[in-house]
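Computed from a prediction, not measured in an experiment: that's the story for all the values here. Positions are given from 1 along the sequence.
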Amino acid sequence: MLYKTICDSPLGSITLCSDGNNLIALWIEGQKNFSSTTKQEIYRNDDLPIFEKNKEWLKRYFNEEKPQISELQLSPTGNAFRQTVWQILCDIPYGEVTTYGDIAQKIARLQGIKKMSAQAVGGAIGHNPISIIIPCHRVIGANGNLTGYEGGIEKKIYLLKHENSWIDSFYVPKKSPSASSVI
């Protein structure tokens, strides 16, 4: 059985989803959400301890503290490749960013292969079911290109600025005009 609760944030409403023991999804208002990808019914339950712990973590995060991901019980669903990518995301420190290409090189080394596709890494990142906490917003394209973010590019910009990761050379590709006014 799956459960959900909703909490407020500077980015709008955030929905948390749990199996009762672990956080399995987090989506931001306006984001394609996990509930459309599962066949299980999700029941509202605002009283689960796992939700209280995650809400407190998010509150601390948005109050400019730096809570650790390891404080939470996370169980994102995905294949082995996606799990590897998401674990690498969890290792990106506050205030830092990395690129899709850097993650691809890291995975290639881990797997003992010559090359890994940055596009494959981007696909795994795009399927991160626990955004913000598993910090996919800390991944940028080559040369500071702020490629997509499931929650919306303006939310990625907000999160990077919030974490003091913003660099003036970052830019939004021309195909994403909706965010050009927020830079």
Practice problem: Go through V97 and L160 one step at a time and tell me if the side-chain contact (heavy atoms from CB on, under 4.5 Å) criterion holds. | Solution: CA-CA 9 Å; V97 295; L160 290 171; 3.7 Å; yes
Exercise. Any chance you could lay out the side-chain contact (heavy atoms from CB on, under 4.5 Å) test for K4 and Y43, step after step, and finish with the verdict?
Key: CA-CA 6 Å; K4 70 178 178 179; Y43 300 93; over 6 Å; no
Practice problem: Carefully, step by step, assess S70 and Q68 under the rule side chain to side chain donor-acceptor pair (under 3.5 Å). | Solution: CA-CA 5 Å; S70 60; Q68 298 302 304; 5.3 Å; no
Exercise. Check the pair W27 / S131 against side-chain contact (heavy atoms from CB on, under 4.5 Å), numbers first and verdict last.
Key: CA-CA 7 Å; W27 59 91; S131 63; 5.7 Å; no
Self-check item: salt bridge (Lys or Arg N to Asp or Glu O under 4.0 Å) between K156 and E150, intermediate numbers included
Solution: CA-CA 9 Å; K156 182 172 187 164; E150 285 294 319; over 6 Å; no
Exercise. Might you work through the side-chain contact (heavy atoms from CB on, under 4.5 Å) test for W57 and I133, ending with a clear yes or no?
Key: CA-CA 9 Å; W57 192 98; I133 295 172; 3.5 Å; yes
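Among all heavy-atom pairs drawn from Y100 and V121, the shortest one is O-CG1, 4.0 Å. The heavy-atom pair separating I6 from R44 by the smallest distance is CD1-NH1, 3.7 Å. Across all non-hydrogen atoms, the minimal contact from N145 to P173 is OD1-CG, 2.8 Å. Here the closest non-hydrogen pair linking L16 and K55 is CD1-CG, 4.0 Å. Of all the heavy atoms in A124 and W86, the pair that sits closest is O-NE1, 2.9 Å. A120 and F81 get closest at one heavy-atom pair: O-CE2, 3.4 Å.
The distance from the OG1 atom of T84 to the CG atom of N79 is 8.5 Å, given to the nearest 0.5 Å. Here SG of C136 is found 10.5 Å from CD1 of I130. Values are rounded to the nearest 0.5 Å. Atom CD1 of I88 and atom CD1 of I107 lie 4.0 Å apart (nearest 0.5 Å). Distance check, rounded to the nearest 0.5 Å: CD of E65 to NZ of K59 gives 9.5 Å. Rounding to the nearest 0.5 Å places OG1 of T77 at 5.5 Å from CD1 of I24. Interatomic distance, L72 CG to E56 CD, rounded to the nearest 0.5 Å: 10.5 Å.
Contact annotation: the side chain of Y3 never approaches that of C17 to less than 4.5 Å [non-hydrogen atoms, C-beta and beyond]. At a threshold of 4.5 Å between non-hydrogen side-chain atoms, the residues C7 and L58 count as touching. Taking the side chain as every heavy atom from C-beta outward, L159 and L11 approach each other to under 4.5 Å. Under the 4.5 Å side-chain criterion, counting only non-hydrogen atoms from C-beta, V172 is in contact with I157. Using a 4.5 Å heavy-atom threshold, the side chains of M1 and Q40 count as separate. Using a 4.5 Å heavy-atom threshold, the side chains of N21 and I50 count as separate. Looking at heavy atoms from C-beta onward, I14 lies in side-chain contact with I132 at the 4.5 angstrom threshold. Residues D8 and S13 have side chains in contact (heavy-atom distance under 4.5 Å, counting atoms from C-beta outward).
Ion pair E163/R138 flagged as a salt bridge, since at least one NZ, NE, NH1 or NH2 atom sits closer than 4.0 Å to an Asp/Glu carboxylate oxygen. No salt bridge links K155 with E29; every basic N to acidic carboxylate O contact stays at or beyond 4.0 Å.
At distances below 3.5 Å, at least one donor-acceptor pair connects side-chain atoms of Q31 with backbone N or O atoms of I28. For the pair N45 (side chain) and D47 (backbone), a donor-acceptor distance under 3.5 Å is present. In this structure, Q105 contributes its side chain and A118 its backbone to no donor-acceptor pair below 3.5 Å.
Using modelled atom types, one finds a donor on one side chain and an acceptor on the other under 3.5 Å when comparing T99 with D102. Side-chain contact annotation: K106 with T98, donor-acceptor N/O pair under 3.5 Å absent.
Within a 6.0 Å sphere centred on CG of N143, heavy atoms belonging to other residues, nucleotides or ligands number 12 at most. Heavy atoms from other residues, nucleotides or ligands lying under 6.0 Å from NE2 of H162 number more than 12.
Taking the six-membered ring where the residue is Trp, F170 and W166 present perpendicular rings, their angle passing 60° and hence far from 30°.
Taking the six-membered ring for Trp and the full ring otherwise, the centers of Y158 and H137 sit at least 6.0 Å from each other.
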